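Report on the structure given below.
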2 protein chains.
Amino acid sequence: MVMDESVNPRLDRLFSALADSTRRSILMKLTNGDEGVMELAAPFDMSQPAISRHIKVLEAAGLVTRHRQGTHRMCRLAPDALGEIEPWLDIIADRYRSNYNRLDAVLETMKPSQQGDD
Amino acid sequence: MVMDESVNPRLDRLFSALADSTRRSILMKLTNGDEGVMELAAPFDMSQPAISRHIKVLEAAGLVTRHRQGTHRMCRLAPDALGEIEPWLDIIADRYRSNYNRLDAVLETMKPSQQGDD
DNA sequence: CCATTATATAACAATATGGTTATGGATGAA
DNA sequence: TTCATCCATAACCATATTGTTATATAATGG
């Protein structure tokens, strides 16, 4: 019995890609505009192949797209990439709130009769 | 030169914890209220120790808290747990939008004089 | 005390992740 | 063609993650 849509490989890849400081840094940098791999790699104390693989992970997660531009392979932040996360956050938040409301109602029911029980 | 606050172990742990369907399922289940480990484990085709460790990961990420209740160790969704993600999403989204605005401006500037250069 | 139930921990194996160096392929310039 | 630059891939290693089974610990009840 699947209780929700939590079994979601796309979301797995998205969150997994975001779970690395280097990759989040790369994304932040890309908000300033497209950049090549070498420029992206520059600030990091890490080899170019390492950065290449981080970019590959971001690409696989749908967070980054690429296109050739001369000898450069430009990286671009995918427009609606992070948008997939928000619905999930909203679902959690909504369900959580509605549960708290129910809990409040229960507590309200109990209050007149007795209190002091923890 | 650190260009942003992306080097953030807390965020690492948060995203990493969310990058697993089983753990997201557990979180969803907890929006219905507190539950013990056995109840949480029930829907999964997985051993109890496996679920115990998933819960431990969620706890370490600050997504879940626990308290004893008789022989049960009840799991509870941490109230503001996911709240830490939203600011980061907002920063990314804001920077991305402002960049797009700048890009639009540049394109607007280029349009009257010339186009066709890629 | 002993048994039961709930949960954690230990020990282990398989696979994933993230880094390295070395090298290969693609593009543009001379 | 030849060279330099940009980037990807291969091979490799160390560590982390995720599952397993077996066992230990904690609380509760007879």
Side-chain angles (χ1 to χ4, degrees), chain A residues 6-27 29-30 33-76 118, chain B residues 6-27 29-30 33-77 117-118:
Chain A
S6 286
V7 178
N8 185 340
R10 267 172 95 88
L11 224 38
D12 285 10
R13 267 178 268 123
L14 245 182
F15 280 124
S16 185
L18 294 174
D20 182 282
S21 291
T22 301
R23 288 194 289 263
R24 288 198 307 277
S25 248
I26 289 174
L27 289 180
K29 214 164 183 225
L30 287 178
D34 303 1
E35 280 196 86
V37 177
M38 288 316 204
E39 288 99 326
L40 287 174
F44 300 102
D45 186 22
M46 205 179 289
S47 65
Q48 168 264 312
I51 300 294
S52 272
R53 287 215 303 193
H54 279 306
I55 293 171
K56 204 171 185 178
V57 170
L58 291 170
E59 203 177 8
L63 288 163
V64 158
T65 63
R66 284 203 274 189
H67 56 104
R68 267 218 174 277
Q69 187 170 307
T71 171
H72 288 63
R73 301 251 310 179
M74 302 306 280
C75 301
R76 171 171 300 178
D118 197 357
Chain B
S6 286
V7 178
N8 185 338
R10 268 172 93 90
L11 223 39
D12 285 11
R13 266 178 270 121
L14 244 182
F15 280 123
S16 185
L18 295 174
D20 182 281
S21 290
T22 301
R23 288 195 290 263
R24 288 198 306 277
S25 248
I26 289 174
L27 289 180
K29 214 164 184 225
L30 287 179
D34 303 2
E35 280 195 86
V37 176
M38 287 317 206
E39 290 98 325
L40 287 173
F44 301 102
D45 187 21
M46 204 178 293
S47 64
Q48 168 264 312
I51 300 294
S52 272
R53 289 215 302 193
H54 278 306
I55 293 171
K56 204 172 186 179
V57 170
L58 291 170
E59 203 177 9
L63 287 164
V64 158
T65 63
R66 284 202 274 188
H67 56 104
R68 267 219 175 277
Q69 188 170 304
T71 170
H72 289 62
R73 303 248 319 193
M74 301 305 279
C75 301
R76 171 172 300 179
L77 206 54
D117 182 14
D118 196 358

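Small disclaimer: the values here were computed from a predicted structure and weren't measured. Protein chains get the first letters and strands the later ones, always in sequence-line order, with residue 1 at the start of each.
- Here the C1' atom of nucleotide D:dA26 and the CD atom of B:Gln69 are 16 Å apart, to the nearest Å.
- Shown here is A:Arg10, whose CZ atom has no more than 12 heavy atoms of other residues, nucleotides or ligands within 6.0 Å.
- The side-chain contact (heavy atoms from CB on, under 4.5 Å) check on B:Thr71 picks up nothing, with sequence neighbours excluded.
- For the pair B:His54 and D:dT17, the criterion of a side-chain N or O lying under 4.0 Å from OP1 or OP2 is not met.
- By the side-chain contact (heavy atoms from CB on, under 4.5 Å) test, A:Ala42 is found to be paired with no residue, residues two or more places apart in sequence or in another chain being considered.
- Rounded to whole angstrom, the span from the CZ atom of A:Phe15 across to the P atom of D:dT17 amounts to 18 Å.
- Listed by chain and number, the residues in a side-chain hydrogen bond (donor to acceptor under 3.5 Å, both in side chains) with B:Arg13 amount to none (sequence neighbours excluded).
- The CZ atom of A:Phe44 sits 14 Å away from the C1' atom of C:dG18 (whole-angstrom rounding).
- Taking the C1' atoms of five terminal pairs at each end of the helix from C:dC1-D:dG30 to C:dG24-D:dC7, the two resulting helix axes are inclined by 30°, rounded to 10°.
- The separation between A:Ile26 atom CD1 and C:dG18 atom P is 12 Å, rounded to whole Å.
- Residue pairs meeting the salt bridge (Lys or Arg N to Asp or Glu O under 4.0 Å) criterion with at least one partner in residues 41-66 of chain B, sequence neighbours excluded, are B:Glu59-B:Arg66.
- Summarising the geometry, the separation between CD1 on A:Ile51 and P on C:dG19 is reported as 8 Å, rounded to the nearest angstrom.
- One interatomic measurement links the two molecules: CG of B:Asp20 to C1' of D:dG19, which rounds to 11 Å at whole-angstrom precision.
- In this structure, the side-chain contact (heavy atoms from CB on, under 4.5 Å) partners of B:Ala19, at least two apart in sequence or on a different chain, are A:Phe15, A:Ser16.
- Every residue two or more places apart in sequence or in another chain that forms a side-chain hydrogen bond (donor to acceptor under 3.5 Å, both in side chains) with B:Ser52 is listed here: B:Gln48.
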*Heavy-atom protein contacts under 4.0 Å, nucleotides 4-16 of chain C, coded B base, S sugar-phosphate only, - none*: -BSBBB-------

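- In this structure, B:Leu58 atom CG and D:dT18 atom P are separated by 11 Å, rounded to whole Å.
- Between B:Asn8 and A:Ser21, the side chains place no donor N or O within less than 3.5 Å of an acceptor N or O (distance only, hydrogens not considered).
- Summarising the geometry, the separation between CE on A:Met46 and C1' on C:dG18 is reported as 8 Å, rounded to the nearest angstrom.
- Applying the side-chain contact (heavy atoms from CB on, under 4.5 Å) criterion to A:Ala60, with sequence neighbours excluded, gives no partner residue.
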